[in-house]
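For the single chain, residues carry numbers from 1 onward in sequence order.
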Amino acid sequence: MEARQWSKMIRSTFSDMPMERKLLIVFLGVISLPLTFIGYISYSNYTNSIERTTVSYSTNLQEAMMERVDDYIEDMMRISSIPAYQAEIKQNLIRSNNYYEQRMTAQSTPGMEPVPDDFNQLLSIQRGIQSSVKFINNIKRGANVVYIFDKYGNGYFSTEAGAVRLDLEKSYQQWRAKSEQSGGEALLFGTETYTSNLNSARSAFTVVRKIVDEASLQPIGLIAVDADIRVIEDQMIDLDKLTHGKSFIIDVHGGVIYDSDKRQLAKQIDSPVVRQAGGTNGSFYHTVDGQKQLVIYTTSPNTNWKLFILIPERELNKDSIRIRNATWAATFVTIGIALLISILLSFALTKPLRKMMRLMRSVQEGNFKVQFPVKRRDEIGQLGHQFNRMIVRIDQLIQDIYEMETKKNEAEMHALQNQINPHFMYNTLETIRMVAELNDDDAAADMLSVFGKLLRYSIGDVREKTTVAAELEHVRNYVEMLNYRYPNRFDLRMHADPAHEGVLTLKLLLQPIVENAIYHGLDDRKAQMRISILIESTERYLLVRVVDNGLGMAAETRERLNRSFSGLNGSGSGEKRGGIGLKNVNERIKLHYGHSYGMEALEGEEGGTEIILRLPLPHSDNGTLSNNGGKTSD
């Protein structure tokens, strides 16, 4: 009975409402209910999709990460097998064993005269084994330390490899005890924390193998290869950044190989997360430190190490929550717009408002010459009048700002031009050079002369044109200055057709590229770095190739650099030095000649880097050019 009365009261109240309120209530119901239902379904589906995508993506990252770790450990195992194939190492170990065996026998046999110290023999053994250790260390550069022991525990290592263990004898006893039962295969030890000879705490995992004499089939020593945990730390940090979580690696015994937080590193753990991770890979939710987290794990087929990634649920659902909030915001905005439209229609104000909206869009596109036609003196008319005044004021302010910025730029340009008097610097350098010649200091005089040429060329207006020959001469002076500082360190070779040398081009195109090659590609392992500049023409372009035999760059870096050159996403990796960098050079070419010209980075034939500049054909300014050979200047 009461329900029927409530229903009758609601119907009566609704019937007595004005039509505007009825339309508003119906409109709100029709809009709100579908949007709320769609928002909920979208949020649920998106959340589930995010979780599946995250698990799949993280699993792929984990597998790739474990493959890299397995490859690194496989390299360590190969390194540990080197003594089995090096006769020199085995011979020196046998000599070391015989030396210490004689001394121990003399000390333990009563009445036997002690064996005199043969310092030269011991020094020869030490040098021989340490030389082999250095050779092994150089095979795989990185955070590795190689130790070789004879069967009496005497260790040989090279301090050049990095920080070595202070508790080496204790570590040797542990390695020897585990390797005695092996048949000569490599054994993998989990991460251990130790104090190095640099008085710093280090963590490393180790590969150990017995060294067996092929003739007697008896063990003659032991080799241990330490890998600092830093060899995987950088990759794990990148993994954490991609997944927005924390990660750790454990071995089959529960020992922590790596831990993002460094709190459990080299410790034994038996947490519920590890116990719940059954099988080789999978995912599940678990509450850690009061926070619900998604746990994703995978297992290495080679080492049986398990890699765990823990992603907080709030990070996982961050995007879906944003979508949910955006959906609710869109719902409320839609309802508000519906209400506004209803009110505007009821008061017949749609037409003048649409007119004003069109004018505002025109203003947004930059047209400040519009005027709202004021035909009435009501609120709409007053609003139109104020709109017209605002447009006039904004247009005036923009003009004022433009004039102020123009004057400011002109003032800054004059200030920069007045900062230095080039003639004063040239004359001063020439005076210093003459004094050096009077004092018979030819090297200083030559350096000042070359520096004066570089300064004269660089201080001039960078927007003015120059010739290819002047650009080559500037690069030659630049490399000559470097060779004064680093004698015979750089070999510059130039190949250009005589017809190319008179072609007009922009200033300071080649020197920044050569400087970038030297700064980023210098290989300290090579006695001399060669830089070649080749200029040739095709049917469409004048091509300038700058090739070096330096370190080169990674394919990803080269691809990102080329995307920057083409104006796509990413930024150039050429760092600006002296105000002009690779990206600056490329932008100057495109701004001056057009977007069909510019630069491209390739891999050099000898492992270095090749930068190609595409410039307009010379016939565009100086007549037709033929490609009929080249002149070489070294």
Heavy-atom side-chain contact between Q293 and K246 under 4.5 Å: no
Kindly determine whether E600 and R614 satisfy side-chain contact (heavy atoms from CB on, under 4.5 Å), including the steps that lead there. CA-CA 8 Å; E600 181 182 8; R614 291 184 175 86; 3.0 Å; yes
Nearest 0.5 angstrom please: K210 NZ to S80 OG, how far? 13.5 Å
Using only atom types and a distance under 3.5 Å, with no angle test, would you say the side chain of T59 pairs donor to acceptor with the backbone of V55? yes
Under a 3.5 Å distance rule, please check whether S96 uses its side chain to pair with a backbone N or O of L93 as donor and acceptor. no
Decide yes or no on side-chain hydrogen bond (donor to acceptor under 3.5 Å, both in side chains) for S171 and R165, but give the supporting numbers first. CA-CA 8 Å; S171 299; R165 298 173 180 249; 3.1 Å; yes
Do W175 and L187 have side chains that approach each other closer than 4.5 Å (heavy atoms only, starting at C-beta)? no
Any S300 side-chain heavy atom under 4.5 Å of V69 side chain: no
Where do R530 and N549 come nearest, in terms of heavy atoms and distance? N-OD1, 2.9 Å
To the nearest 0.5 angstrom, please state how far the CG atom of L310 sits from the OG atom of S260. 9.5 Å
Below 30° counts as parallel, above 60° as perpendicular, anything between as tilted: where do the rings of Y541 and Y597 land? perpendicular
Are the side chain of D167 and the backbone N or O of T195 linked by a donor-acceptor pair below 3.5 Å? no
R68 CZ: over 12 foreign heavy atoms closer than 6.0 Å: yes
Work out which heavy atom in M236 is nearest to a heavy atom in S247; give both atom names and the distance. CE-OG, 3.1 Å
Regarding R95 and N92, do their side chains bring together a donor and an acceptor under 3.5 Å, going by distance alone? yes
Side chain N154, main chain F149, donor-acceptor under 3.5 Å: no
Using a 4.5 Å cut-off on heavy atoms from C-beta on, say whether the side chain of R489 contacts that of L522. yes
Pair I513-L613, side-chain contact (heavy atoms from CB on, under 4.5 Å): steps then yes or no: CA-CA 10 Å; I513 299 174; L613 284 77; 3.2 Å; yes
Is it true that a side-chain atom of R209 and a backbone atom of M77 form a donor plus acceptor pair closer than 3.5 Å? yes
Taking atom NZ of K262 as the centre, does the number of heavy atoms from other residues, nucleotides or ligands within less than 6.0 Å exceed 12? yes
Between D270 and R275, does any NZ, NE, NH1 or NH2 come within less than 4.0 Å of an OD or OE carboxylate oxygen? yes
Within the structure provided, determine whether N483 and V479 are in side-chain contact (heavy-atom separation under 4.5 Å). yes
Using every non-hydrogen atom in the two residues, find where Q264 and V256 come nearest and quote the distance to one decimal. O-CB, 3.0 Å
Within a 6.0 Å radius of atom CD on Q181, are there more than 12 heavy atoms belonging to other residues, nucleotides or ligands? no
Hey, what do you get for CD (Q218) to NZ (K151), rounding to the nearest 0.5 Å? 8.0 Å
Could you go step by step and tell me if D75 and R78 meet the salt bridge (charged side-chain N to carboxylate O under 4.0 Å, His left out) rule? CA-CA 5 Å; D75 290 341; R78 293 192 185 99; 2.8 Å; yes
Determine whether a donor-acceptor pair (N or O, by modelled atom type, separation under 3.5 Å) exists between the side chain of Q528 and the backbone of N488. yes
Rounded to the nearest 0.5 Å, what's the gap from CG on N302 to CD on E67? Could you check? 9.5 Å
Min side-chain heavy-atom separation M66-T298 under 4.5 Å: yes
Hey, does the side chain of T191 reach the backbone of I257 with a donor-acceptor pair shorter than 3.5 angstrom? yes
So do L307 and L239 actually touch side chain to side chain, heavy atoms under 4.5 Å? yes
Establish, from distance only, whether the side-chain atoms of S58 and T54 form a donor-acceptor pair under 3.5 Å. no
Could you tell me whether Y486 atom OH has more than 12 heavy atoms of other residues or ligands within 6.0 Å of it? no
Of D251, D226, I73, which meets side-chain contact (heavy atoms from CB on, under 4.5 Å) against F205? I73
Value for CE (M599) from OG (S566), rounded to nearest 0.5 Å, stands at 12.5 Å
Does any non-hydrogen side-chain atom of F248 lie less than 4.5 Å from one of V274? yes
For L509 and V544, run side-chain contact (heavy atoms from CB on, under 4.5 Å): C-alpha distance rounded to whole Å, both residues' side-chain angles, the deciding distance at 0.1 Å, then the answer. CA-CA 10 Å; L509 293 183; V544 181; over 6 Å; no
Considering all heavy atoms of both residues, which atom of F565 and which atom of K590 are nearest to each other, and what is their separation? O-CE, 2.8 Å
Heavy-atom closest pair, residues E214 and A84: OE2-O, 3.5 Å
Would I232 and Y72 satisfy side-chain contact (heavy atoms from CB on, under 4.5 Å), going step by step from the backbone distance to the final call? CA-CA 9 Å; I232 63 174; Y72 196 92; 5.9 Å; no
Note: V146 and V133 closest approach over all heavy atoms is O-CG1, 3.6 Å
Check: D240 side chain, T243 main-chain N or O, donor-acceptor pair, under 3.5 Å: no
D150 CG to N97 CG distance, which is reported to the nearest 0.5 Å: 4.5 Å
Is a side-chain donor or acceptor of Q511 paired with a backbone partner of Y478 at a separation under 3.5 angstrom? no
Check whether more than 12 heavy atoms from other residues, nucleotides or ligands sit under 6.0 Å from atom NZ of K526, and answer yes or no. yes
By the definition side-chain hydrogen bond (donor to acceptor under 3.5 Å, both in side chains), identify the one residue from D228, D259, T193 that meets it with S203. T193
N/O donor-acceptor pair under 3.5 Å between D213 side chain and I220 backbone: no
Using 30° and 60° as the class boundaries, would you call the ring planes of Y147 and F157 parallel, tilted or perpendicular? perpendicular
